[in-house]
Amino acid sequence: MNTRSRDASGVSTTDDAPDDAASPAPGAAPRGRGRGRRSSAAASERRGNLVRLAADLFARKGFQATTVREIADEAGILSGSLYHHFDSKESIVDEVLSSYLDDLLGRYRAAVDEGDAPRDVLSRLIQEAYRSLEPHRAAITVVQNDWNYLQQFPRFGYLAETEREIEDIWVGVIRDGQREGAFRPDIDPKLTYRMIRDTIWVAVRWYRPEGNLGTADLAEHFMTVLFDGISVGRRDSQPSPNG
C-alpha cells in the first residue's frame, strides 16, 4: 500500500508498506466480536507504545531533529506502518503534550477544589507538580525544549491557553494566602509562581526515579525550604560576612 506522508522537513514522501491488518481470505469465516475487541486492544497498545517511544526520542533529540523514520526504527516497524496510527509527526507530539497537560491541569483543579487554607492548597499543587516528573518526564522535557517552536502552529494553540490557566491557578492561591496573611504581602505572586515552576521543572533533568529519593521526598524538601527557609531569622538581620 502506498502511504503518503511528510518527513521531518515537511516534504511529501511516499512509503510502500503493507497494511497492518490483512483483508480476510475469500470464503473465510467472519471475525467474531471477541476477536474484534482483542484487535482493538492490541492496536491501542501499539499506539501507546509508539507514543512512548516517540516521546523519548523527542526528549533526547528534540522534536525538529527527530524523523518519522527514526521513530519507526525505534519501534521496529516500517515508516509507512507508522501512518496507520498517526497522520504526521505533529500528531504524535500533540498526543504526548496534550496527555501531559490534561492530566496536570486536572490534578491542579482537584487540588484547589479540595479547599483548605492557601498554604495547604499550595502544598498540594507542589506535590502534584513533583509527582508529574516521573510519568511525564519526556513530555516535560519536550515542553522545555520545543515550546517556542510548536506554539507558532495553530494546532498547538492550547499550549499557551493551558499555561495561562495553570498560572492563574497558582497565582490565585498565592494571592489568597497574601489576603489571609499566610504569605508575605511584599512578594510578587506571578514571579513567585514562575520561580517555583522553573525550580520544579529543572528537576526533570537530574531526577532519577531509580534513586534513593522519590518525588514525594523532593516535594517535601522543597516545601521545607520554601516555607521555612534555610537560615534562622530574617535576611536583613544576619551578621555581615566581614563581621
Side-chain angles (χ1 to χ4, degrees), residues 3-15 17 20 40-109 128-167 169 194 197-198 200-209 215:
T3 304
R4 186 156 296 279
S5 61
R6 292 193 302 275
D7 63 14
S9 65
V11 178
S12 178
T13 61
T14 301
D15 290 320
D20 281 356
S40 178
S44 178
E45 184 177 353
R46 285 197 299 272
R47 180 184 175 92
N49 186 53
L50 286 171
V51 170
R52 288 188 292 273
L53 291 174
D56 288 339
L57 280 172
F58 295 152
R60 293 201 309 268
K61 298 191 60 176
F63 172 75
Q64 296 180 73
T66 302
T67 66
V68 169
R69 186 171 299 279
E70 286 173 323
I71 298 172
D73 288 346
E74 191 79 5
I77 61 176
L78 297 173
S79 297
S81 297
L82 193 67
Y83 291 95
H84 291 296
H85 304 280
F86 298 96
D87 61 8
S88 66
K89 187 175 71 168
E90 289 75 16
S91 291
I92 304 177
V93 77
D94 193 350
E95 185 157 327
V96 171
L97 297 181
S98 61
S99 296
Y100 159 58
L101 292 173
D102 286 348
D103 180 54
L104 186 65
L105 186 54
R107 291 176 181 274
Y108 285 166
R109 288 169 176 164
E128 293 297 350
Y130 271 105
R131 191 172 289 127
S132 71
L133 294 181
E134 193 165 343
H136 298 294
R137 181 186 192 87
I140 295 171
T141 305
V142 173
V143 167
Q144 294 176 15
N145 293 340
D146 296 295
W147 177 279
N148 289 334
Y149 173 76
L150 293 173
Q151 69 174 349
Q152 67 181 302
F153 302 106
R155 75 179 298 167
F156 294 104
Y158 67 86
L159 295 177
E161 294 171 6
T162 305
E163 169 56 17
R164 281 193 294 271
E165 183 173 353
I166 288 175
E167 181 172 292
I169 288 173
R194 291 183 175 179
R197 177 200 64 188
D198 292 351
I200 297 173
W201 266 14
V202 77
V204 79
R205 299 187 179 276
W206 54 261
Y207 171 66
R208 294 294 176 266
T215 54

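Every heavy atom of this structure was used, including side-chain atoms; hydrogens, water molecules and symmetry mates were not.
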Indicate yes or no for a side-chain donor-acceptor contact from [X] to the backbone of [Y] under 3.5 Å, with no hydrogens or angles considered.
X	Y	answer
K89	F63	yes
E74	L57	no
R47	F86	no
N145	G62	no
K61	T67	no

> With sequence neighbours excluded, what pairs up with D73 under the salt bridge (Lys or Arg N to Asp or Glu O under 4.0 Å) test?
Replying inline: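 D73 satisfies salt bridge (Lys or Arg N to Asp or Glu O under 4.0 Å) with no residue once adjacent residues are dropped.
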> Which residues satisfy the salt bridge (Lys or Arg N to Asp or Glu O under 4.0 Å) test with R131, sequence neighbours excluded?
Replying inline: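 Here the qualifying residues are E128.
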> How would you list, by chain and number, every residue that makes a side chain to side chain contact (heavy atoms under 4.5 Å, CB included) with I77, sequence neighbours excluded?
Replying inline: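 Listed in chain order: L50, A72, A75, S81, L82.
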> Just wondering, do I140 and Q144 contact through their side chains at under 4.5 Å, heavy atoms?
Replying inline: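 Yes; the side chains approach each other to less than 4.5 Å.
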>> Within the 4.5 Å heavy-atom criterion, are Y149 and Q64 side-chain neighbours or not?
In response: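 Yes; the side chains approach each other to less than 4.5 Å.
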Just verifying a value: how many Å separate [X] [atom1] and [Y] [atom2], rounded to the nearest 0.5 Å?
X	Y	atom1	atom2	answer
I200	S132	CD1	OG	8.0 Å
L105	I169	CG	CD1	5.0 Å
F58	L53	CZ	CG	10.5 Å
Y108	L101	OH	CG	10.0 Å
L159	R155	CG	CZ	11.0 Å

>> Enumerate the salt bridge (Lys or Arg N to Asp or Glu O under 4.0 Å) contacts for residues 157-167, please, sequence neighbours excluded, ordered by first and then second residue.
In response: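 The answer is R109-E165, E163-R197, E167-K190, E167-R194.
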> Taking all atoms of both residues into account, what is the closest heavy-atom pair of A138 and A55, and its distance?
Replying inline: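 Smallest interatomic distance, heavy atoms only, reads CB-O, 3.5 Å.
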>> Can you give me the closest heavy-atom contact between A139 and L97, atom names plus distance?
In response: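 Scanning both residues, the minimum pair turns out to be O-CD2, 3.8 Å.
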>> Using the ring pair (Phe, Tyr, Trp, His ring centres under 6.0 Å) criterion, which residues pair with F156? Sequence neighbours excluded.
In response: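 Checked F156 against ring pair (Phe, Tyr, Trp, His ring centres under 6.0 Å); zero matches.
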>> Checking Y158 now: which residues fulfil ring pair (Phe, Tyr, Trp, His ring centres under 6.0 Å) with it, not counting sequence neighbours?
In response: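 Y158: no ring pair (Phe, Tyr, Trp, His ring centres under 6.0 Å) contacts found.
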>> Assess the residue pair D146 and T141 against the criterion (side-chain contact (heavy atoms from CB on, under 4.5 Å)); give the C-alpha distance rounded to whole Å, side-chain angles, the decisive distance to 0.1 Å, and a yes or no.
In response: CA-CA 8 Å; D146 296 295; T141 305; over 6 Å; no
>> Working note: H85 + E95, criterion side-chain contact (heavy atoms from CB on, under 4.5 Å); need CA distance, chi angles, decisive distance, verdict.
In response: CA-CA 12 Å; H85 304 280; E95 185 157 327; over 6 Å; no
>> Please determine whether salt bridge (Lys or Arg N to Asp or Glu O under 4.0 Å) holds for the pair R107 and D103, giving the CA-CA distance in whole Å, both sets of side-chain angles, and the decisive distance to 0.1 Å.
In response: CA-CA 6 Å; R107 291 176 181 274; D103 180 54; 3.2 Å; yes
> Does any donor atom in the side chain of S98 or D102 lie under 3.5 Å from an acceptor atom in the other side chain?
Replying inline: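 No - no donor-acceptor pair under 3.5 Å links their side chains.
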>> Working note: V142 + W147, criterion side-chain contact (heavy atoms from CB on, under 4.5 Å); need CA distance, chi angles, decisive distance, verdict.
In response: CA-CA 7 Å; V142 173; W147 177 279; over 6 Å; no
